[in-house]
Enquirer: 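Have a look at this one before I ask anything.
Treat the numbers as computed from the prediction; the structure is a model and nothing was measured. Throughout, a chain's letter reflects where its sequence line sits, starting with A, and its residues are numbered from 1.
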Amino acid sequence: MGTKQHQAAILLVVSRIPRGQVASYGQVAELAGLPGRARLVGRILSRLPDNSNIPWQRVVNARSEISFARDSDAYRRQRQLLEQEGVFFSGARIRRQSHWQPQ
DNA sequence: AATTTGACCAGTA
DNA sequence: CTACTGGCCAAAT
């Protein structure tokens, strides 16, 4: 099993997260058939080109927060994208109703 | 080649 | 709620 296939599996899962909802890194790894490999998900997303159509902003950490520093541009960018598509926040936390629950 | 780092996480205390 | 542990592993140092 090479990284190429892992990446394809991960990006497929991310592309399926519905607009207005989020999934955690661990959840994405699990659904991609890679349990325990949340960090791999983060690493793959960090390498996406700027022009990518993958909805990377819908992946957040297990505490239901954006994983970038609150004062970073990356944080503000991700948060704006999520709020634009209807994700609800309570402070830094994303509300449960905005969490993806695939069958 | 060895060590550290990182868009992480579940379990435990 | 916070703190710490051990698990994960490719890329950067």
Side-chain angles (χ1 to χ4, degrees):
Chain A
M1 293 299 252
T3 297
K4 273 291 195 287
Q5 288 147 44
H6 292 167
Q7 172 168 334
I10 286 167
L11 294 184
L12 178 63
V13 171
V14 174
S15 71
R16 291 198 151 125
I17 305 172
R19 188 180 169 78
Q21 304 204 265
V22 299
S24 74
Y25 294 92
Q27 183 181 8
V28 168
E30 186 83 33
L31 291 168
L34 299 166
R37 300 185 63 180
R39 301 189 78 134
L40 181 60
V41 174
R43 192 171 60 76
I44 302 268
L45 294 185
S46 75
R47 288 178 169 291
L48 286 177
D50 291 337
N51 60 349
S52 173
N53 61 318
I54 298 291
W56 57 269
Q57 73 273 21
R58 297 178 192 154
V59 185
V60 300
N61 66 32
R63 297 175 335 215
S64 297
E65 294 171 351
I66 287 170
S67 273
F68 295 112
R70 292 281 303 272
D71 61 8
S72 66
D73 289 332
Y75 178 94
R76 286 185 281 274
R77 189 179 321 131
Q78 184 170 6
R79 177 149 182 166
Q80 183 178 19
L81 286 169
L82 289 177
E83 290 185 327
Q84 255 173 359
E85 59 185 66
V87 170
F88 291 100
F89 284 77
S90 294
R93 281 279 194 83
I94 291 162
R95 299 213 240 181
R96 236 210 280 308
Q97 69 180 99
S98 298
H99 281 166
W100 185 32
Q101 326 214 319
Q103 289 18 355

Enquirer: Which stems, defined as runs of 3 or more consecutive Watson-Crick or G-U wobble pairs with both pairing distances under 3.5 Å, involve DNA chain B?
Expert: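 In DNA chain B, stems of three or more pairs: B:2-6 with C:9-13, B:8-13 with C:2-7.
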Enquirer: So which pairs with a foot in residues 76-89 of chain A pass side-chain hydrogen bond (donor to acceptor under 3.5 Å, both in side chains), sequence neighbours left out?
Expert: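 Of all non-adjacent pairs touching residues 76-89 of chain A, those that pass side-chain hydrogen bond (donor to acceptor under 3.5 Å, both in side chains) are Gln57(A)-Glu85(A), Arg58(A)-Glu85(A), Asp73(A)-Arg76(A), Tyr75(A)-Arg79(A), Arg79(A)-Glu83(A).
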Enquirer: Can you check each nucleotide of nucleotides 3-13 of chain B against protein heavy atoms at under 4.0 Å and return B for base, S for sugar-phosphate only, - for none, in 5' to 3' order?
Expert: ---BBBSS---
Enquirer: Between atom CD1 of Ile54(A) and atom CD1 of Ile44(A), what is the distance when rounded to the nearest 0.5 Å?
Expert: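 Ile54(A) CD1 to Ile44(A) CD1: 11.0 Å, rounded to 0.5 Å.
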Enquirer: Restricting to pairs with a member in residues 89-103 of chain A, which pass side-chain hydrogen bond (donor to acceptor under 3.5 Å, both in side chains), not counting sequence neighbours?
Expert: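 Qualifying pairs: Ser64(A)-His99(A).
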Enquirer: Using the P atoms only, state how far dA7(B) lies from dG6(C), rounded to an integer number of Å.
Expert: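 Looking at atom P only, dG6(C) and dA7(B) are 23 Å apart.
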Enquirer: Indicate, with yes or no, if Phe88(A) and Ile66(A) share a hydrophobic cluster defined by side-chain heavy-atom contacts under 4.5 Å among Ile, Leu, Val, Met, Phe, Trp and Tyr.
Expert: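 No, separate clusters.
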Enquirer: Please give me every residue in residues 91-103 of chain A whose heavy atoms get under 4.0 Å of an atom in DNA chain B, ordered by residue number.
Expert: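 By residue number: none to list.
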Enquirer: Is there side-chain contact between Ile94(A) and Leu82(A), with at least one heavy-atom pair below 4.5 Å?
Expert: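 The answer is yes, as the side chains (C-beta and beyond) meet within the 4.5 Å cut-off.
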Enquirer: Quick check for you: name the first and last nucleotides of DNA chain C, 5' to 3', having an atom under 4.0 Å from a heavy atom of chain A.
Expert: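 Both ends considered, the range comes out as dC1(C) to dA12(C).
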Enquirer: Restricting to side chain to side chain donor-acceptor pair (under 3.5 Å), what partner residues turn up for Glu65(A), sequence neighbours left out?
Expert: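 Per chain and number, Glu65(A) pairs via side chain to side chain donor-acceptor pair (under 3.5 Å) with Arg63(A).
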Enquirer: Which pairs pass side-chain hydrogen bond (donor to acceptor under 3.5 Å, both in side chains) with one or both residues in residues 23-52 of chain A, sequence neighbours excluded?
Expert: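 Non-adjacent pairs meeting side-chain hydrogen bond (donor to acceptor under 3.5 Å, both in side chains): zero.
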Enquirer: When rounded to the nearest 0.5 angstrom, what distance separates NE2 in His6(A) from CG in Leu40(A)?
Expert: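 Taking NE2 in His6(A) and CG in Leu40(A), the distance rounds to 7.5 Å.
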Enquirer: What donor-acceptor contacts under 3.5 angstrom involve side-chain atoms of residues 9-17 of chain A, with partners at least two apart or in another chain?
Expert:
residue  : atom : partner  : partner atom : Å
Ser15(A) : OG   : Leu11(A) : O            : 3.4
Ser15(A) : OG   : Leu12(A) : O            : 2.7

